[in-house]
Amino acid sequence: MAERPTGPPCDEPAPADVLGTVMADGMRQAGGQGFGLPLDSITLERARRGDMRAFEAIYAAYAKACYNLALRILGEPAAAEDIVQDVFLKLMDTIGGFRGDAPFGAWLKRMAANATIDRLRLDRRQGVDDPEALFATLGAVDPPADAVVDAWTLLQRLPARARAVIVLHQMEGYTHRELAELFGQTESYSKSVLSRALQRLHATLEEPSSTPVGAPVIGHV
Amino acid sequence: MSEYRFPFDPPASPLLAGLPEFAPDPALWTRIADARRRQLGRRRFARAGGSLAAAVLFAAAIVILPRPAPVASDPATELSAWLQQSQALEQEWSRLEPSPEAARGLRSPLRRIDAALQAAYDRGASDEELAPLWEARSKALRAMIDNRQDAVVTLRI
């Protein structure tokens, strides 16, 4: 089972200062959230010149989105933090090449997703090409012994590749074609993995002994 | 591409909508900034080392390597230059010489050189052999022109 993150939970609605455009002074104006948060041109320009305060403002705005993307797929806080560090170090080197023809958050999200999938590839156990084989190692659908079931736990019971497909498709808006490219597989592979993963999740939910999901039962302290 | 879309609609599965969000370790930015400083420091060191090595190599090359020998003139170029000069002097001479009869007598030094040139061309001589002959011809023509000009001046006086 993947390690449960020990960082502070952010289940509540994002505080007001997390929403909006990242401004040059590190403050934010109303806008989006997570990777959808727009980046103002002054901060972008300062970052292109290597201003660490601008990078810090970008980090403050997008680090959590990067971290959660990686964490949901990798399941390990330390690995997710490594991904955030790698992504931001790479960002500092490559932001000069960001042309601005796509939203900044989307560009960063792609870097984070690629870094996370690269990390998955390092683990040969996750390199299963056959969707059936991917799920074969899992046991029968059964509720946990302590009957404590939450969304995080259920997601982490899936193989890492399945988690990646679910998170990227269902939460980050990747298409099956993009997932196929990302994994070097066919679209039908991505569709099959997604279908099986969702089936697996919903089967667990339908177990009578499972507690309702949606909010973690155990506080993430 | 996905980067153009931000799916803020709830995920298809209600389960995923309930996924908690976690914040990274508050010290992570400090670690990233430190790593960046180390990265930049290493790069500056590598650049400085590279520049120093290049400077040392350059200095060593100046001191150690033998100086290049003077570039020998290209025989073809030299020949061409003497040939052009000879032709120009020939035109100058023709403007000075009043009569063909007088010219025949005055051109006798050239005849030997022209014969040598013809013999050289007949045997397929190299540019290196031809160039001195054309040089000699140019100098002979220059002497003839100078003598002729002196003679004209003397007669006028």
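Residue numbers start from 1 in every chain, and the chains themselves are labelled A, B, ... in the order their sequence lines are given, proteins ahead of strands. Fair warning: this is a prediction, and the values are worked out from it, not measured in the lab.
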> Where do B:Arg31 and A:Glu81 land on the side chain to side chain contact (heavy atoms under 4.5 Å, CB included) test, with the steps shown first?
Replying inline: CA-CA 10 Å; B:Arg31 295 207 297 272; A:Glu81 287 186 358; 2.7 Å; yes
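- Here the two rings, on B:Phe22 and A:Trp152, have centers that are under 6.0 Å apart.
- How far CE of A:Met52 is from CZ of B:Arg37: 6.0 Å, rounded to the nearest 0.5 Å.
- For A:Leu89, the parts sitting under 4.5 Å from any heavy atom of chain B are the backbone and the side chain alike.
- The structure places CG of B:Leu28 at 6.5 Å from CD of A:Gln85, a figure rounded to the nearest 0.5 Å.
- Considering all non-hydrogen atoms of both residues, B:Pro24 and A:Tyr59 come closest at CG-OH, 4.0 Å.
- Within a 6.0 Å radius of CD in A:Glu187, more than 12 heavy atoms belonging to other residues, nucleotides or ligands are found.
- Separation of atoms CE (A:Met171) and CG (B:Leu19) is listed at 5.0 Å; rounding is to 0.5 Å.
- We find the CZ-CZ distance between B:Arg36 and A:Phe88 to be 13.0 Å, quoted to the nearest 0.5 Å.
- Dense packing is recorded around CZ of B:Arg43, with more than 12 heavy atoms of other residues, nucleotides or ligands lying under 6.0 Å away.
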>> Checking A:Val167 against B:Leu16 for the side chain to side chain contact (heavy atoms under 4.5 Å, CB included) test, could you report, in this order, the C-alpha distance in whole Å, the side-chain angles of both residues, the deciding distance, and whether it holds?
In response: CA-CA 8 Å; A:Val167 169; B:Leu16 298 174; 5.9 Å; no
>> Does A:Arg72 form a side chain to side chain contact (heavy atoms under 4.5 Å, CB included) with B:Glu21? I'd like the steps, not just the answer.
In response: CA-CA 9 Å; A:Arg72 286 166 179 168; B:Glu21 286 200 352; 3.4 Å; yes
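- In this structure, chain B has heavy atoms under 4.5 Å from both the backbone and the side chain of A:Asp93.
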